[in-house]
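A quick note: this is a predicted structure, and the numbers were derived from the prediction, not measured.
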Amino acid sequence: MWSALLGTTPATDEVIDAIADVEIQRQAMEKDAGLAASRSSALRRLHELLDREKEALQLRGPDAGHPENVEAVAIEIERVKGMTGITSPGPASRGAYPGQPRAAWRSAHRSPARNKGRRTMGRAGGR
């Protein structure tokens with residue numbers, strides 16, 4: 001999976017499993033707390049993983065430290081950052097011409113209020 005994306009040797013199984021675990025937990029959290037909360041939690045965990053992998057790369061050197069792990073985690077971070085609330089394209093807006101911006105209801109032009117007074121039911125006038 002990652003070797004096709006990276007064009008190199010794949011990341012280690014431990015890192016791939018950690019990334020998959022973060023994604024599974026992010027999806028579960030998205031159902032309960034929403035996209036924004038799940039993204040921030042996943043990004044926090046992915047950055048922790050990235051820091052650990054960078055430290056391991058510095059300690060062991062590029063030959064033994066798996067630079068592919070760092071690259072795989074960085075790719076996953078960018079993927080999670082790119083997530084938006086839109087999962088599929090929705091229906092086109094109704095009533096507006098294509099390319100015409102829709103005005104928000106709060107900024108819509110209002111006619112001046114007419115003083116209708118209090119209307120009574122069934123009575124013919126004064127008190």
Side-chain angles (χ1 to χ4, degrees):
M1 172 172 125
W2 287 105
S3 60
L5 292 174
L6 300 174
T8 61
T9 57
T12 61
D13 289 339
E14 292 82 17
V15 170
I16 292 172
D17 289 344
I19 291 171
D21 185 49
V22 168
E23 178 60 16
I24 289 168
Q25 289 184 0
R26 186 204 62 76
Q27 289 175 2
M29 186 175 188
E30 183 178 352
K31 291 177 185 175
D32 295 334
L35 180 65
S38 69
R39 279 182 57 210
S40 68
S41 175
L43 286 172
R44 180 181 43 77
R45 291 186 62 203
L46 288 169
H47 280 289
E48 291 171 359
L49 179 62
L50 181 62
D51 291 342
R52 284 195 307 262
E53 289 302 318
K54 282 183 178 180
E55 184 178 322
L57 182 62
Q58 288 176 350
L59 292 174
R60 298 182 194 129
D63 294 334
H66 299 284
E68 295 83 11
N69 289 348
V70 173
E71 192 171 355
V73 176
I75 289 171
E76 183 66 9
I77 287 172
E78 290 305 314
R79 186 188 73 78
V80 173
K81 280 183 183 178
M83 289 182 172
T84 61
I86 302 172
T87 55
S88 63
S93 61
R94 298 182 201 157
Y97 292 107
Q100 179 184 13
R102 293 181 57 177
W105 66 271
R106 290 182 180 153
S107 63
H109 177 71
R110 295 184 182 143
S111 61
R114 294 182 291 168
N115 187 1
K116 295 182 180 180
R118 186 175 185 104
R119 296 187 178 187
T120 58
M121 291 182 56
R123 286 200 240 168
R127 294 182 181 204

Can you name the closest pair of heavy atoms from [X] and [Y] and give their distance?
| X | Y | answer |
| --- | --- | --- |
| Ala11 | Ile16 | O-CD1, 3.5 Å |
| Val80 | Ala42 | CG1-CB, 4.3 Å |
| Leu50 | Ala74 | CD1-N, 4.4 Å |
| Val73 | Leu46 | CG1-O, 3.4 Å |

Only counting residues at least two apart or in another chain, list the ones meeting salt bridge (charged side-chain N to carboxylate O under 4.0 Å, His left out) with [X].
| X | answer |
| --- | --- |
| Asp21 | Arg45 |
| Lys81 | Glu78 |
| Glu48 | Arg44 |
| Arg39 | none |

Can you name the residues that form a side-chain hydrogen bond (donor to acceptor under 3.5 Å, both in side chains) with Gln27, not counting sequence neighbours? Glu23

Quick one: list whatever passes side-chain hydrogen bond (donor to acceptor under 3.5 Å, both in side chains) with Ser40, sequence neighbours left out.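 Partners of Ser40 by the side-chain hydrogen bond (donor to acceptor under 3.5 Å, both in side chains) criterion come out as none, since no residue qualifies.
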
Min side-chain heavy-atom separation Met83-Glu30 under 4.5 Å: no

What's the spacing between [X] [atom1] and [Y] [atom2] if we round to 0.5 Å?
| X | Y | atom1 | atom2 | value |
| --- | --- | --- | --- | --- |
| Leu35 | Arg26 | CG | CZ | 6.5 Å |
| Glu14 | Asp17 | CD | CG | 7.0 Å |
| Ile77 | Leu49 | CD1 | CG | 8.0 Å |

Can you name the side-chain contact (heavy atoms from CB on, under 4.5 Å) partners of Ala37, sequence neighbours left out?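 Residues passing side-chain contact (heavy atoms from CB on, under 4.5 Å) with Ala37: Met29, Ala33.
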
